[in-house]
A.B. asks: 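Dropping a structure here in structure tokens format, bear with me for questions.
Since we're looking at a predicted model, the values are computed, not measured. Both ligands and their constituent atoms are indexed starting at 1 by order of listing.
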Amino acid sequence: MRIGVLALQGAFREHRSCLRQLGVETIDVRYPHELSGLDGLVIPGGESTAIAKLLASHSLYEPIRNAYENGMAIFGTCAGAILLAKKIEGAREDQIPLGLLNVTIKRNAYGRQIASFETDVPFRGIEGEPVRAIFIRAPRFADLGPDVEVLSERDGEPTAVREGRLLAIAYHPELTGDLRVHKYFIDQVIGS
Ligand code: GLN
């Protein structure tokens with residue numbers, strides 16, 4: 001099993017560390033050839049406008065879409081979830097998503113006062129304690145397509161979703177020291 005971490009901007013080191021702790025071979029992805037032979041790809045949180053620009057300048061849009069079509073799973077957190085969506089609400093004009101996950105996502109959707117906060121959320125498919133969810137200028141999922149499954153919610157709103165080989169989470173499991181969400185991606189999403 002080999003999982004790539006998109007290493008253009010944002011919290012890619014933290015994801016790499018989670019995957020390594022789980023004993024998975026990881027590789028930083030910055031160029032198209034680095035996608036070859038990957039079972040999964042993590043797109044980290046950060047700034048989705050910056051990551052989108054770098055995806056374009058590194059010619060990664062089509063290669064990522066092709067690798068996904070050919071069976072690679074993708075896990076996006078926060079800005080990564082924004083980039084997976086079919087449609088971004090509040091996108092800048094030059095901010096093009098990969099357009100794979102059948103949702104509309106709204107950027108910076110929590111008001112300024114609560115732009116960042118932490119809470120515990122139960123996660124469908126993960127047993128035991130709820131997952132600690134750290135929201136940092138997080139997006140909201142809206143208009144979910146029929147095949148999009150909700151895995152965690154906060155106040156009745158989806159905060160983690162899955163559609164087949166795509167896992168998208170509005171918060172940051174890579175910052176908690178709890179490896180269960182990464183393990184879920186490996187076992188349940190890639191392994192399914
Ligand atoms: N607000 C950021 C964006 O729109 C995402 C924040 C994050 O990834 N923590 O890209």
A.B. asks: In terms of relative ring orientation, are Phe117 and Phe135 parallel, tilted or perpendicular, with 30° and 60° separating the classes?
C.D. replies: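 Because their plane-to-plane angle is under 30°, the rings of Phe117 and Phe135 count as parallel.
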A.B. asks: Would you please write out the protein residues whose heavy atoms approach any atom of ligand 1 to under 4.0 angstrom, listed by chain and number?
C.D. replies: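 For ligand 1, the residues that come within the 4.0 Å heavy-atom cutoff are Gly45, Gly46, Glu47, Ser48, Cys78, Ala79, Ile82, Arg107, Asn108, Ile136, Arg137, His172.
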A.B. asks: If you group Ile, Leu, Val, Met, Phe, Trp and Tyr by side-chain heavy-atom gaps below 4.5 Å, do Val161 and Val189 land in one group?
C.D. replies: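 Shared cluster, no.
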A.B. asks: Any chance you could pull the hydrophobic cluster mates of Leu175, using side-chain heavy atoms under 4.5 angstrom and chaining through other members?
C.D. replies: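 Via sub-4.5 Å side-chain contacts, Leu175 links to Ile134, Ile136.
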A.B. asks: Look at the side-chain heavy atoms of Ile, Leu, Val, Met, Phe, Trp and Tyr, link any pair under 4.5 Å apart, and say whether Val103 and Tyr110 land in one connected group.
C.D. replies: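 They do not share one cluster, since no chain of ILVMFWY contacts under 4.5 Å joins Val103 to Tyr110.
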A.B. asks: Kindly indicate whether a cation-pi arrangement holds for Arg154 with Tyr171, taking the cut-offs as under 6.0 Å to the six-membered ring centre and within 45° of the axis.
C.D. replies: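 Verdict for Tyr171: no cation-pi partner in Arg154.
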A.B. asks: Indicate yes or no: at least one non-hydrogen side-chain atom of Leu38 is less than 4.5 angstrom from one of Val29.
C.D. replies: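 Yes, close enough: below the 4.5 Å cut-off.
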